[in-house]
Amino acid sequence: MVKLTIDGIKVEAKSGDTILSAAKKAGIQIPTLCHVKGLPAQGACRICLVEVEGARGLMAACSTPVVADSVVETSSEKVIKARKLVLELLLSEGDHDCIICEANGDCKLQKMAYEYGVSNTDLKYKGEKRAAVKDTSSRFIIRDGTKCILCNKCVLACNSRGVHGILYKNERGFSSKIVSDDCELSDSGCVYCGECIQVCPTGALYEKKRVGKGRSWELDKVDTTCPYCGVGCQLTVHVDSKNNRPVKVTGRYTTPNEGMLCVKGRFAYDFPLSDKRITSPMIKKNGEHVQVSWDEALDYTAGRLKEIIEKHGPDSYAGVSCARSTNENNYAAMKFARAAIGTNNIDHCART
Amino acid sequence: MTNSIQEIRDAKVIFAIGTNTTEAHPVISYYMKQAVNKGAILIVNDPRRIDLCNWATIHVQHKVGTDVAYLNGLMNIVLANGWQNDKFISECCTNWDEMKKTIDDYPAEKASEICGVPVEQMTEVAKIISHNDPVSLCYTLGITEHTSGTDNVKSCANLQMMLGNMGKHASGVNPLRGQNNVQGACDMGALPNVYHNYQKVTDPAAKAKFEKGWNRPGLSDQLGLKMPTMFNGMLSGDVKAFFCYGENVAMTEPHMSHTLKCLEAVEFMMVADIFHNQTTPYADVIFPCTSWAEEEGTYTNSERRIQRVRPFLKPHENYREYWWIVNELAKRLGYDMGFTTSNSVWEEMRKLGTSYNGITWDRCDDVGLQWPCPDLEHCGTTFLHADGNFVCGLGKFSPAQWRPQAELPDEEYPLVLSTGRRLWHYHTTQTRNSEGIDDLFSEEYIEISPVDAKELAIDNGDYVNVTSRRGSIKARAWVTNRSPRGVCWLSFHFHEACGNVLTIDAFDPVTETAEYKACAIKVTKAESAPFEITRERQARP
Ligand code: SF4
Ligand code: SF4
Ligand code: SF4
């Protein structure tokens with residue numbers, strides 16, 4: 001155990017812990033922009049700078065290990081000044097027009113700039129803008145280089161979480177940029193898992209399908225389970241409840257998926273609004289399906305079932321249940337066959 | 001699964017067989033690839049060069065339908081070298097003597113001749129899986145969708161038991177369940193032989209319990225019909241009323257023209273579903289159901305974790321949850337099922353099934369709970385068979401003999417067709433009605449090897465006729481090394497060109513699972529529409 005002092009609080013940490021994690025354990029929040037949950041620190045954004053007594057310059061808390069008896073200040077005047085400078089630099093290099101940005105209200109850079117009182121129209125530091133392009137080629141993902149702060153999170157996400165190996169940083173000093181293979185995203189091997197969008201702290205990566213469909217604060221968030229494969233990824237649907245439509249999906253940082261999703265969980269969420277849905281009970285009359293009321297459909301069905309059971313016995317009924325539906329509906333299907341009809345002829349589509 | 005999904009990341013060796021993980025279980029493939037990044041050895045055993053091979057140390061390309069021979073051969077090599085785990089075998093398993101006899105029938109050379117894998121490669125694989133720990137064996141429908149499916153599954157378990165790779169963190173036999181709630185549908189007793197929690201319908205005690213619990217004397221103790229037998233029953237007239245819930249059976253069952261004949265024949269057919277599809281035209285009554293977005297309940301994933309499903313859209317006034325529909329029907333038949341809400345269904349279920357006694361919706365509100373979870377204090381079970389304690393006492397070796405698939409290629413139908421799912425789609429309706437997905441993969445491509453394509457003068461993109469003894473479809477060709485010589489591959493997502501027109505209705509004798517993974521076809525060029533593939537991408541041309 002290593003004992004140190006952070007912001008006047010006595011803290012105990014494991015040797016090898018970073019100042020960032022030691023502070024977190026003590027309930028002290030140090031801001032970060034480039035840290036990807038579950039992955040080692042990269043020390044790329046320099047927002048987590050802290051003052052360590054006796055050290056020459058400021059240190060990046062995410063990549064500085066704790067030292068016994070050291071004294072750390074996480075929000076001294078010097079630290080705040082340095083962070084403001086970092087934020088100014090980041091803002092000045094890009095084109096951060098929050099008014100029409102999809103990340104507005106959901107952007108770490110914006111949030112921090114607000115907290116530190118840094119405005120992007122009033123920058124003391126007027127540096128050169130990065131020459132950056134917007135890649136709108138793909139069906140699902142927009143990459144807007146003008147809002148990229150080169151934090152490298154998307155690269156880590158693509159290579160260390162989904163392990164797809166599509167994104168990497170083209171290191172060219174000031175004109176560094178994030179590239180997908182060596183082509184537009186639509187031509188790359190991208191599998192549209194959307195992990196890069198999820199980790200991006202700014203509006204540099206966002207879902208094409210959500211554009212213009214609502215601000216983050218107008219959306220309700222509903223936690224649910226992906227309806228596709230047996231992994232059972234946990235996700236949050238962001239819903240525009242007023243207009244009754246889903247706007248986007250994010251992965252939840254929990255079991256079993258730790259925030260990750262695939263293209264189906266991330267983007268195939270709007271089938272419930274399809275106009276091919278069945279919207280009325282129907283009975284076939286003279287070879288045609290006619291819309292009827294629920295009561296008519298149920299009465300008619302029960303009548304036919306009664307007739308058939310009386311004449312041919314309950315084992316002339318067979319039911320197929322649904323491996324895509326809930327446990328509750330499956331239990332109901334089996335109880336219906338066994339208790340209401342009186343047969344064990346119930347199966348579901350998993351067999352085939 | 002005997003392990004949990006995230007444990008896969010901690011495996012030293014991943015032995016993936018018959019699982020196209022990057023496409024069918026993408027997030028599980030992320031964990032596999034993360035394991036590889038940490039130094040794990042990934043062995044992909046698959047006739048096709050699936051995308052997962054890009055991360056594999058070894059790709060074993062055994063022939064379609066030879067899994068049992070291949071696995072028995074591996075066991076033979078393990079035994080011949082004394083690499084088996086004698087302690088685990090003697091303390092935790094039974095029937096080893098019988099197993100050994102079967103293993104003796106598969107000397108490496110013989111197994112190699114059947115499965116087409118060189119002896120040296122089999123030896124290398126056998127060495128890796130017996131000299132590393134933990135070893136996670138993962139399989140999917142490539143193992144089960146064969147007439148020898150049950151034997152394939154047994155062989156996977158035999159191999160892992162022989163190596164003692166059971167009941168440990170990240171070590172076990174892991175069937176990756178296909179659909180989101182296949183596990184749950186089985187657990188809930190939507191099966192002809194068991195009530196929920198696998199309580200046998202033939203067990204008088206179970207029958208008595210449910211007669212009391214459901215207030216319904218005279219429950220049947222006769223085994224019910226499995227799906228293929230149900231369908232044949234429609235033709236023979238034994239099945240008069242058929243209630244199809246949530247499955248587009250016309251497209252998902254093998255041998256489509258047979259399926260359609262059955263649906264036409266049945267006297268009274270009810271469909272409860274969310275979409276008009278290829279099955280609804282046959283229905284006498286159609287009930288509109290709520291979908292994933294509008295209903296409340298739980299799904300159980302591959303690792304037995306029960307997780308919440310919550311509505312996020314307001315339903316159309318006519319949508320109903322399925323439990324409500326059958327509850328109403330039952331009332332009209334003179335029986336009250338007693339359901340008032342989805343949660344009331346769950347509560348009744350939980351009280352009548354010991355493995356779920358401890359699981360309430362509230363308890364799985366945030367992270368879900370893995371059954372078995374017998375009481376409200378229990379925190380669920382992450383891996384089964386801990387320390388070699390099998391649920392049914394000792395683990396029993398179940399020796400299996402190899403036999404070929406039902407329909408082998410011949411002169412007239414010289415190619416083998418295997419079928420499955422693609423990354424971009426899931427079955428037949430949902431993804432095709434989600435904005436954007438169809439743009440990424442909009443029509444069916446039959447995957448065919450460059451060698452076969454050349455012989456047939458087929459270019460990438462050409463339209464081809466694909467014919468089996470049961471039917472014919474037209475699809476575009478994707479000339480790709482994903483397919484080995486002699487093997488083609490199709491999905492069943494596109495009603496315009498559905499693989500199940502061609503697949504064979506031959507079934508595993510025990511489970512009655514169809515042999516979706518192997519039938520014989522011929523391919524001929526229909527019209528030229530070539531395009532060039534400029535770069536190799538994952539999961540699409
Ligand atoms: S695109 Fe986003 S995540 Fe990637 S480097 Fe730029 S700001 Fe960071
Ligand atoms: S969507 Fe996924 S595969 Fe594509 S670039 Fe982003 S992280 Fe990589
Ligand atoms: S997001 Fe993809 S991997 Fe996860 S459950 Fe859904 S379909 Fe499966």
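This one's a predicted model, so the numbers in the text were calculated from it and none came from an experiment. Below, all heavy atoms of this structure are taken into account, side chains as well, without hydrogens, waters or symmetry copies. Every chain is numbered from 1 and lettered A, B, ... according to where its sequence line falls, protein lines coming before strand lines.
Judged purely by atom type and a 3.5 angstrom limit, Asp347(A) uses its side chain to pair as donor or acceptor with the backbone of Met227(B). At least one donor-acceptor pair under 3.5 Å links the side chain of Lys209(A) to the backbone N or O of Glu435(B). Remark: the backbone N or O of Trp424(B) is not paired with any side-chain donor or acceptor of Lys264(A) at under 3.5 angstrom. Checking side-chain atoms of Trp214(B) against main-chain N and O of Lys335(A) turns up no donor-acceptor pair under 3.5 Å. Within the 3.5 Å criterion, the main-chain N or O of Arg310(B) finds a donor-acceptor partner in the side chain of Thr224(A). Remark: side-chain polar atoms of His316(B) are not paired, donor with acceptor, to backbone N or O of Ile278(A) under 3.5 angstrom. Of the possible polar contacts, none joining the Glu321(B) side chain to the Asn329(A) backbone as a donor-acceptor pair under 3.5 Å is found. At distances below 3.5 Å, not a single donor-acceptor pair connects side-chain atoms of Ser316(A) with backbone N or O atoms of Lys240(B). Under the 3.5 Å distance criterion, the side-chain polar atoms of Asn180(B) are matched with a main-chain donor or acceptor of Pro227(A).
Interface remark: Leu261(A) contributes backbone atoms only to the contact with chain B (heavy atom separation under 4.5 Å). At a 4.5 Å heavy-atom cutoff, the contact between Tyr317(A) and chain B is made by backbone and side-chain atoms alike. With a 4.5 Å cut-off on non-hydrogen atoms, Ser160(A) touches chain B through its backbone but not through its side chain. Heavy atoms closer than 4.5 Å to chain A are found in the side chain of Glu295(B), but not in its backbone. When heavy atoms are compared at a cutoff of 4.5 Å, Val194(B) approaches chain A solely by way of its backbone atoms N, CA, C and O. With a 4.5 Å cut-off on non-hydrogen atoms, Val231(A) touches chain B through its backbone and its side chain both. Both the backbone and the side chain of Pro246(A) come within less than 4.5 Å of a heavy atom in chain B. Proximity to chain A is absent for every atom of Glu317(B), based on heavy atoms less than 4.5 angstrom apart. Using a 4.5 Å cut-off between heavy atoms, Arg245(A) touches chain B through its backbone atoms (N, CA, C, O) alone. Only the side chain of Asn37(B) comes within contact range of chain A, with at least one heavy atom under 4.5 Å from a heavy atom of that chain. Of the two parts of Ile308(A), only the side chain, counted from C-beta on, holds a non-hydrogen atom closer than 4.5 Å to a non-hydrogen atom of chain B. In this structure, chain A has a heavy atom under 4.5 Å from the backbone of Pro281(B), while its side chain stays farther away. For chain A, the nearby part of Tyr282(B) is the backbone; its heavy atoms alone come within less than 4.5 Å. Within the 4.5 angstrom heavy-atom criterion, no atom of Ser293(A) approaches chain B. Both the backbone and the side chain of Gln307(B) have a heavy atom closer than 4.5 Å to some heavy atom of chain A. Heavy atoms of Arg216(B) lying under 4.5 Å from chain A belong exclusively to its side chain. For chain B, the nearby parts of Glu258(A) are the backbone and the side chain; heavy atoms of each come within less than 4.5 Å. Both the backbone and the side chain of Met337(B) come within contact range of chain A, with heavy atoms under 4.5 Å apart. Using a 4.5 Å cut-off between heavy atoms, Tyr195(B) contacts chain A through both its backbone and its side chain. The contact between Asn159(A) and chain B is made entirely by backbone atoms, counting heavy-atom distances below 4.5 Å. Contacts of Met270(B) with chain A are made by side-chain atoms alone, with heavy-atom separations under 4.5 Å and no backbone atom involved. Contacts of Ile166(A) with chain B are absent, with no heavy-atom separation under 4.5 Å from either backbone or side chain. Proximity to chain A is absent for every atom of Ala272(B), based on heavy atoms less than 4.5 angstrom apart. For Thr280(B), the parts lying near chain A are the backbone and the side chain together; criterion is any non-hydrogen pair under 4.5 Å.
Comment: Arg277(A) does not engage Asp273(B) in a salt bridge, judged by the lack of any side-chain N to carboxylate O separation of less than 4.0 angstrom. Using a cutoff of 4.0 Å between basic side-chain nitrogens and carboxylate oxygens, Arg304(A) and Asp284(B) are not scored as salt-bridged.
When the candidates Gly232(A), Pro281(A), Cys193(A), Cys262(A) are compared by the number of heavy-atom contacts under 4.5 Å with chain B, Pro281(A) comes out ahead. No other option in Thr343(A), Thr254(A), Asp223(A) has as many heavy-atom pairs under 4.5 Å with chain B as Asp223(A). With chain B as the partner, the residue from Val222(A), Val191(A), Asn345(A) showing the most heavy-atom pairs under 4.5 Å is Asn345(A). Between chain B and the options Gln234(A), Lys221(A), Lys208(A), heavy-atom pairs under 4.5 Å are most frequent for Gln234(A). When Val239(A), Asn330(A), Val320(A) are compared by the number of non-hydrogen pairs under 4.5 Å with chain B, Val320(A) comes out ahead. Interface check for chain B: of the options Ala302(A), Gly189(A), Gly265(A), the most heavy-atom pairs under 4.5 Å are formed by Ala302(A).
For the atom pair Leu333(B) CG and Ile341(A) CD1, the distance stands at 5.5 Å (nearest 0.5 Å). We find the CG-SG distance between Asn181(B) and Cys229(A) to be 12.0 Å, quoted to the nearest 0.5 Å. If you take CD on Gln179(B) and OH on Tyr228(A), they are separated by 12.5 Å, rounding to the nearest 0.5 Å.
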Determine, step by step, whether Asn327(A) and Asp187(B) satisfy the side chain to side chain donor-acceptor pair (under 3.5 Å) criterion, reporting the C-alpha distance in whole Å, the side-chain angles of both residues, the deciding distance to 0.1 Å, and the verdict.
CA-CA 8 Å; Asn327(A) 286 321; Asp187(B) 298 345; over 6 Å; no

In sequence, state the C-alpha distance, the side-chain angles, and the governing distance for Asp439(B) and Arg139(A), and then conclude on salt bridge (charged side-chain N to carboxylate O under 4.0 Å, His left out).
CA-CA 8 Å; Asp439(B) 298 341; Arg139(A) 188 61 188 80; 2.5 Å; yes

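The side chain to side chain donor-acceptor pair (under 3.5 Å) check on Asn243(A) picks up Asp240(A), with sequence neighbours excluded.
The stretch residues 307-334 of chain A participates, sequence neighbours left out, in no salt bridge (charged side-chain N to carboxylate O under 4.0 Å, His left out) pair at all.
Contact of the Phe336(A) side chain with the Tyr335(B) side chain is not registered, since no non-hydrogen atoms from C-beta on lie closer than 4.5 Å. Under the 4.5 Å side-chain criterion, counting only non-hydrogen atoms from C-beta, Leu313(B) is in contact with Pro272(A). A 4.5 Å side-chain heavy-atom check between Asp366(B) and Arg252(A) finds at least one atom pair inside the cut-off.
Taking the six-membered ring where the residue is Trp, Phe271(A) and Phe275(B) present tilted rings, their angle falling between 30° and 60°.
Counting only N and O atoms by type, the side chains of Glu195(A) and Tyr30(B) include no donor and acceptor under 3.5 Å apart.
For Asp221(B), the CG atom sits in a packed shell: over 12 heavy atoms of surrounding residues, nucleotides or ligands are nearer than 6.0 Å.
Taking the six-membered ring where the residue is Trp, the centroids of Tyr245(B) and His348(A) are separated by 6.0 Å or more. Under the 6.0 Å cut-off for aromatic ring centres, Trp292(B) and Tyr269(A) do not qualify, their centroids lying 6.0 Å or more apart.
For Thr225(A) against Arg308(B), the heavy-atom pair with the smallest separation is OG1-O, 2.6 Å.
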